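Report on one structure; see the data block that follows.
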Amino acid sequence: MNKGALELLSHQLVAVLADVLPKLSNDWWREQVIDKLTYQQQGYIQTAQITTLEQLDLAALLRILDQNWHEIAGTRAMSQAMRNWVKETQLIRNRWAHAPATGLPNEDVYRDLDTLERLAQALGARDPDLEALRRQKSDVMATLAGKTPLPNAVTTAIEASCAFSLGTVVRLKAKPTISGAVTNHLPGYPEDRFMVFHDGTVTTYYASQLEAAVATPAPASVPPATLHAALSALQLRHPSTGSLYSLFASRINFVPYQFRPVLKLIQADRPRLLIADEVGVGKTIEAGLILKELQARRDIRYVLVICPKPLVAERKWLEELKRFDEQFVHLDGPALRYCLDETHLDGVWPQQHARAILPYSLLDETLLMGKQQGRKKQRGLLDLDPPPVFDLVIVDEAHHIRNTDTWAYRNVRY
């Protein structure tokens with residue numbers, strides 16, 4: 001498999017990031033690069049003493065572009081379709097990096113090269129580089145042309161492409177709730193592409209990603225119970241972002257503004273939220289509402305609340321969460337050590353501490369890095385493989401970790 005396409009894209013990403021990132025912040029290497037990478041990538045950069053964008057691999061460069069997307073898109077003309085190509089390229093890089101010895105199917109390679117060409121062109125790649133990509137595509141196409149008959153998947157895609165004339169209403173196979181009208185047909189081999197207008201924009205898809213939208217059935221009379229069951233099933237399969245499923249699932253007074261954070265969270269692309277309301281307006285209640293709503297939409301088993309030690313002693317979170325019918329436990333030093341040991345042995349956080357409240361005072365160097373005690377090492381979070389995973393983490397009074405050089409900050413971020 002020719003890796004020249006990935007190398008070309010890496011050089012183009014370095015050029016774009018080197019041009020834009022220094023303009024976003026005086027400390028751009030820390031804020032726009034280091035802080036946007038995964039913990040493992042950060043560890044590698046520190047170990048390898050990497051100090052420039054040119055030294056980063058494609059996975060890191062793509063993540064930096066994706067994590068800084070809104071800031072970078074504000075300085076350059078970047079469409080939403082381009083971000084879709086970025087995310088698809090992240091999958092391509094992983095797929096090519098773990099390709100079997102026999103290589104990937106040529107049909108997949110052709111599609112991947114087509115995506116890489118589109119992204120490289122959108123990033124401003126030079127014509128000679130783009131021509132090199134097109135030659136790679138032509139080579140793969142020539143190989144495919146020599147195969148008879150065509151693979152079933154390709155044959156099906158070509159047959160499907162003939163059915164989508166201009167104006168045909170189609171929908172995404174992966175997400176049937178998204179549908180729109182075909183506005184243009186882009187012939188190609190081994191598979192055609194179609195431009196589809198939906199949600200106020202035009203996006204390009206392969207034929208195999210689309211199917212004809214099902215015609216609306218004729219109106220029919222159904223009993224109220226059947227209608228109610230159908231609506232409930234629809235909500236479970238496709239959770240709405242405009243209404244709350246847990247509106248009356250807690251023993252609290254209805255205060256409309258306290259529901260704004262949870263509405264913002266369920267409508268966000270990345271479910272992360274900083275609540276910075278004034279003292280006494282109900283941030284704890286807002287966090288509880290978020291927990292209940294997420295539970296109504298998905299399986300939320302492991303929840304961690306991190307807060308100052310005085311709030312643990314006063315049992316504030318423990319009592320507040322009871323208003324939401326949620327039972328939590330406090331973690332002291334021995335209990336936390338027990339959880340780490342059990343996670344090391346079983347690979348999962350112990351069920352009896354699945355919903356826990358942890359004070360900042362325990363977030364020290366030993367918790368993250370571990371500690372050598374004679375011949376035996378006391379394990380830290382970084383020693384656990386796989387690491388503990390929480391479905392939801394609530395950080396109370398987060399200003400306590402505003403200093404990024406503290407161990408508390410590093411533990412919370414991990």
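Quick note: residue numbers are just sequence positions, from 1. Note that the structure is predicted; figures quoted are calculated from it, not measured.
In this model, a donor atom of one side chain and an acceptor atom of the other lie less than 3.5 Å apart for Glu326 and Gln295. Checking Glu7 against Ser10 by side-chain atom types alone, no donor-acceptor pair falls below 3.5 Å.
Put simply, the side chain of Asn68 gets close to the backbone of Ile64: a donor and an acceptor are under 3.5 Å apart. At distances below 3.5 Å, at least one donor-acceptor pair connects side-chain atoms of Gln55 with backbone N or O atoms of Thr52. Of the possible donor and acceptor atoms, one in the side chain of Arg63 sits under 3.5 Å from a partner among the backbone N and O of Lys36. No donor-acceptor pair closer than 3.5 Å links the side chain of Glu31 to the backbone N or O of Leu24. The closest donor-acceptor contact from the side chain of Trp407 to the backbone of Asn411 lies at 3.5 Å or more, if one exists at all. Between the side chain of His344 and the main chain of Leu340, no donor-acceptor pair closer than 3.5 Å is present. In this structure, the side chain of Thr226 does not engage the main chain of Val222 through any donor-acceptor pair within 3.5 Å. For the pair Gln42 (side chain) and Ile34 (backbone), a donor-acceptor distance under 3.5 Å is present. No donor-acceptor distance shorter than 3.5 angstrom exists from the side chain of Thr204 to the backbone of Met195, with no hydrogens or angles considered. For Asp391 (side chain) and Val303 (main-chain N/O), no donor-acceptor pair under 3.5 Å exists by modelled atom type.
Note: Ile72 CD1 to Lys23 NZ = 11.5 Å, rounded to the nearest 0.5 Å. Summarising the geometry, atom NE2 belonging to His198 is positioned 9.0 Å from atom OG belonging to Ser179; distances are rounded to the nearest 0.5 Å. Taking CZ of Arg118 as the start and OG1 of Thr89 as the end, the distance is 11.5 Å to the nearest 0.5 Å. Atom CZ of Arg134 and atom CG of Asp114 lie 10.5 Å apart (nearest 0.5 Å). Between Leu91 atom CG and Asp112 atom CG the span is 9.5 Å, to the nearest 0.5 Å. Atoms OG1 and CD1, on Thr203 and Ile178 in that order, are 8.5 Å from each other to the nearest 0.5 Å.
Closest heavy-atom contact between Pro350 and Tyr302: O-CE2, 4.4 Å.
Atom CG of Asn403 has more than 12 neighbouring heavy atoms from other residues, nucleotides or ligands inside a 6.0 Å radius. Remark: Tyr44 OH is loosely packed, at most 12 non-hydrogen atoms of other residues, nucleotides or ligands lying under 6.0 Å away. His399 NE2: more than 12 foreign heavy atoms inside a 6.0 Å radius. Crowding of Arg337 atom CZ: a count of heavy atoms from other residues, nucleotides or ligands under 6.0 Å exceeding 12. By the neighbour-count criterion of 12 heavy atoms within 6.0 Å, atom CZ of Arg413 is densely surrounded, having more than that number from other residues, nucleotides or ligands.
Counting only heavy atoms from C-beta outward, the side chains of Asp332 and Leu336 never approach each other to under 4.5 Å. Residues Trp317 and Thr284 are in side-chain contact: their nearest non-hydrogen atoms beyond the backbone lie under 4.5 Å apart. Leu113 has its side chain out of reach of Tyr110: every pair of non-hydrogen atoms, C-beta onward, lies at least 4.5 Å apart. Put simply, the side chain of Leu382 reaches to within 4.5 Å of the side chain of Met369, judged on heavy atoms. Between Ile92 and Thr115 there is a side-chain heavy-atom pair separated by less than 4.5 Å. Two residues are said to be in side-chain contact when any heavy atoms from C-beta on lie closer than 4.5 Å; Pro22 and Trp29 fail this criterion. Side-chain contact between Leu61 and Leu17: present, with at least one pair of heavy atoms (C-beta onward) separated by less than 4.5 Å.
Between Arg251 and Asp325, at least one side-chain nitrogen of the basic residue sits less than 4.0 Å from a carboxylate oxygen of the acidic one, meeting the salt-bridge criterion. Taking the charged nitrogens against the carboxylate oxygens, Arg297 and Glu293 do have a contact shorter than 4.0 Å, which makes a salt bridge. Salt bridge status for Asp383 with Lys377: present, with a side-chain N to carboxylate O gap under 4.0 Å. Looking at Glu320 and Arg323, a side-chain N of the basic residue comes within less than 4.0 Å of a carboxylate O on the acidic one, giving a salt bridge. Salt-bridge check for Arg126 with Asp129: passed, with a basic side-chain N closer than 4.0 Å to an acidic carboxylate O. For Lys283 and Glu286, the salt-bridge test fails: no basic side-chain N is under 4.0 Å from an acidic carboxylate O.
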Give the intermediate values and the outcome of side chain to side chain contact (heavy atoms under 4.5 Å, CB included) for residues Gln121 and Met82.
-> CA-CA 10 Å; Gln121 185 173 14; Met82 183 176 170; over 6 Å; no
Side chain to side chain contact (heavy atoms under 4.5 Å, CB included) between Phe390 and Val393, worked out | CA-CA 7 Å; Phe390 291 93; Val393 177; 3.9 Å; yes
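Geometrically, Lys309 does not engage Tyr360 in a cation-pi contact, judged by NZ or CZ lying under 6.0 Å from the ring centre and within 45° of the ring axis.
Ring-centre distance between Phe194 and Tyr206: not below the 6.0 Å cut-off.
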